[in-house]
There are 2 protein chains.
Amino acid sequence: MKNANTRQKILEVAQELIQRRGLNAMSFQDLSDAVGIRKASVHHHFASKADMVVALLQRYRVEFQRVVDDIVRSNVLGRTKLKRYFGLFVETGKSEKSCLCGMLIAEVSSLDEAGTQEVRAFLHENIEALQKIIQQGVQDGSLADQLPVQGTAEMILSTLEGGLMLSRCDGGPDQLAAMLSRLLSLLSTK
Amino acid sequence: MKNANTRQKILEVAQELIQRRGLNAMSFQDLSDAVGIRKASVHHHFASKADMVVALLQRYRVEFQRVVDDIVRSNVLGRTKLKRYFGLFVETGKSEKSCLCGMLIAEVSSLDEAGTQEVRAFLHENIEALQKIIQQGVQDGSLADQLPVQGTAEMILSTLEGGLMLSRCDGGPDQLAAMLSRLLSLLSTK
DNA sequence: GTCTATAGCGCGATAGAC
DNA sequence: GTCTATCGCGCTATAGAC
């Protein structure tokens, strides 16, 4: 198996395990079991756990933002974009995972400085994207025009991350979807 | 030191450590260091970590609900009650802690069945209290009358838990308070 | 109720052969 | 790039003296 492939496979497994269990409940042994190589071989690709988390977050941010950009740039109402953005979190809930960064903000005290900065960058990127969506929705008349853009963007991301966590513990993705559709109504023009 | 006192002291320290770092980043050694007794003595009070978590959650639920009940029963507008309920989370953020149950819903896969049920009970109790507050606010005219009671209660709790997590990673309690005041506006009568 | 001591295991990480 | 082997440590948990 080639270098790059193994490295990618490790990152895939690591991401899934962190989304399901959390950083501190995942070990290099778990990774080596799932990938089918020895623990020492995992260390060949990632010197330390902290290094692996940073690499994982860099990849996740790029992939997530590519999907988000597609939504932001699509030719639909702001309200519809918001609904699609919500859908990303509902889909994650359906596969019984949390948001990678949602999990890591809970465990932020276990991250080093580089990891913490990656998580912060994820939050900023998403708040920025939500601000764009809200502004466009206000302009096209699909979202309420008295919304303070920044505060609302922060509120939406908080609700999505928190709601996904809560739904994993109780209620599941259907209840999450129902709750988010109520939020969407609240933000929409009457 | 008496039995009950030591037991309470252990629970206090355990709660603080879990709220700051998370369940999987806290050990019996941490507890014994902070309380000033040996690790084996901690095990005398709590046979296993899972037992300790359940005892901790039972106590936390009672204490939290006592405070919440005071808010629900106070003689003020529903909107004011909601603001005070929000304040509980802002205060937690000011002491650089997360909600105990907010942390544990992220780490729910590390809990046993009894622990998971305690966390669910906490969520249910708080959603119920929020429903009462919303209903009263709708009746006294301080909150918007088109709010679907259950969905809104779930949304508020999600925003509070998620917002506290996000603010711990970036922005701090002041940004959390600002975001929540925007949420309060959104829920209030115009 | 607290202690010393330890079992038994898993962890992150490293050395060095192939 | 993967392997075997191991280090050093921390973990939960238990046994048994005081």
Side-chain angles (χ1 to χ4, degrees), chain A residues 1-18 20-57 103-104 106-116 118, chain B residues 1-18 20-57 103-104 106-116 118:
Chain A
M1 199 178 265
K2 293 287 186 58
N3 177 346
N5 288 344
T6 301
R7 185 186 159 96
Q8 292 309 309
K9 180 68 180 160
I10 292 169
L11 288 178
E12 280 168 27
V13 171
Q15 182 175 329
E16 175 136 345
L17 287 178
I18 295 175
R20 289 187 194 278
R21 305 182 200 163
L23 176 64
N24 290 323
M26 178 226 71
S27 72
F28 273 46
Q29 187 63 61
D30 294 330
L31 299 179
S32 79
D33 289 345
V35 175
I37 58 177
R38 293 296 180 161
K39 203 167 51 163
S41 306
V42 180
H43 275 284
H44 169 75
H45 295 280
F46 303 101
S48 73
K49 203 173 182 182
D51 290 341
M52 200 207 62
V53 170
V54 170
L56 183 53
L57 282 168
M103 190 63 90
L104 291 178
E107 296 181 296
V108 71
S109 74
S110 300
L111 300 179
D112 64 4
E113 188 56 29
T116 305
E118 287 295 328
Chain B
M1 200 178 265
K2 293 287 188 57
N3 178 347
N5 287 344
T6 301
R7 186 185 159 95
Q8 292 309 308
K9 179 69 181 159
I10 292 168
L11 288 178
E12 282 168 26
V13 171
Q15 182 176 328
E16 175 136 344
L17 286 177
I18 295 175
R20 290 187 193 278
R21 304 182 201 164
L23 176 63
N24 290 323
M26 178 227 71
S27 71
F28 273 45
Q29 187 64 62
D30 294 329
L31 298 180
S32 78
D33 289 345
V35 175
I37 58 177
R38 293 297 180 162
K39 209 166 42 165
S41 306
V42 179
H43 274 284
H44 170 75
H45 295 279
F46 302 100
S48 74
K49 203 174 181 180
D51 290 341
M52 199 207 63
V53 169
V54 170
L56 183 53
L57 283 167
M103 189 63 90
L104 292 177
E107 296 182 294
V108 69
S109 73
S110 299
L111 299 179
D112 63 5
E113 188 55 29
T116 304
E118 287 293 328

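All chains are named by letter (A, B, ...) in the order of the sequence lines, taking the proteins before the strands, and each is independently numbered beginning at 1. Small disclaimer: the values here were computed from a predicted structure and weren't measured.
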Next on the checklist: Just to be sure I understand the rule, does S27(B) reach a base, reach only the sugar-phosphate, or reach nothing, if contact means heavy atoms closer than 4.0 Å?
Outcome noted: sugar-phosphate
Item to check | For atom CZ of R38(A) and atom C1' of dT14(C), their distance in whole Å | outcome: 17 Å
Checklist entry - What is the distance from NE2 of H43(A) to C1' of dT2(D), rounded to the nearest Å? => result 14 Å
Next on the checklist: Under 4.0 Å, heavy atoms only, any strand: does M52(A) hit a base, just the sugar-phosphate, or nothing?
Outcome noted: nothing
Next on the checklist: Output the rounded distance in Å from CZ (F28(A)) to P (dT6(D)).
Outcome noted: 22 Å
Item to check | Side chain of Q29(B) - closest among dT2(D), dC11(D), dT2(C) | outcome: dC11(D)
Checklist entry - How long is the line joining NE2 of H44(B) and P of dC3(C), in whole Å? => result 11 Å
Next on the checklist: Counting only side-chain heavy atoms from C-beta out, which of dC3(C), dA5(D), dT2(D) sits nearest to A40(A)?
Outcome noted: dA5(D)
Next on the checklist: Testing R21(A), M52(A), Q15(A), R20(A) one by one against M26(A) for a side chain to side chain contact (heavy atoms under 4.5 Å, CB included), which residue passes?
Outcome noted: M52(A)
Item to check | Considering all heavy atoms, the nearest G115(B)-D112(B) contact | outcome: N-OD1, 2.9 Å
Next on the checklist: In whole Å, I'd like the distance from the NZ atom of K49(B) to the P atom of dT14(D).
Outcome noted: 15 Å
Item to check | Whole angstrom value for the distance that separates C1' of dC3(C) from NE2 of H45(B) | outcome: 12 Å
Next on the checklist: Please report the distance, rounded to the nearest Å, between NZ in K39(A) and C1' in dG10(C).
Outcome noted: 7 Å
Next on the checklist: Tell me if the CZ atom of R38(B) is crowded by more than 12 foreign heavy atoms within 6.0 Å.
Outcome noted: no
Checklist outcome for this item: Here the pair of heavy atoms bringing E107(A) nearest to L23(A) is OE1-N, 2.5 Å
Next on the checklist: I need the CG-C1' distance between D30(B) and dT12(D), as an integer number of Å.
Outcome noted: 13 Å
Next on the checklist: So, OP1 or OP2 of dG12(C): does either fall under 4.0 Å of a side-chain N or O from S48(A)?
Outcome noted: no
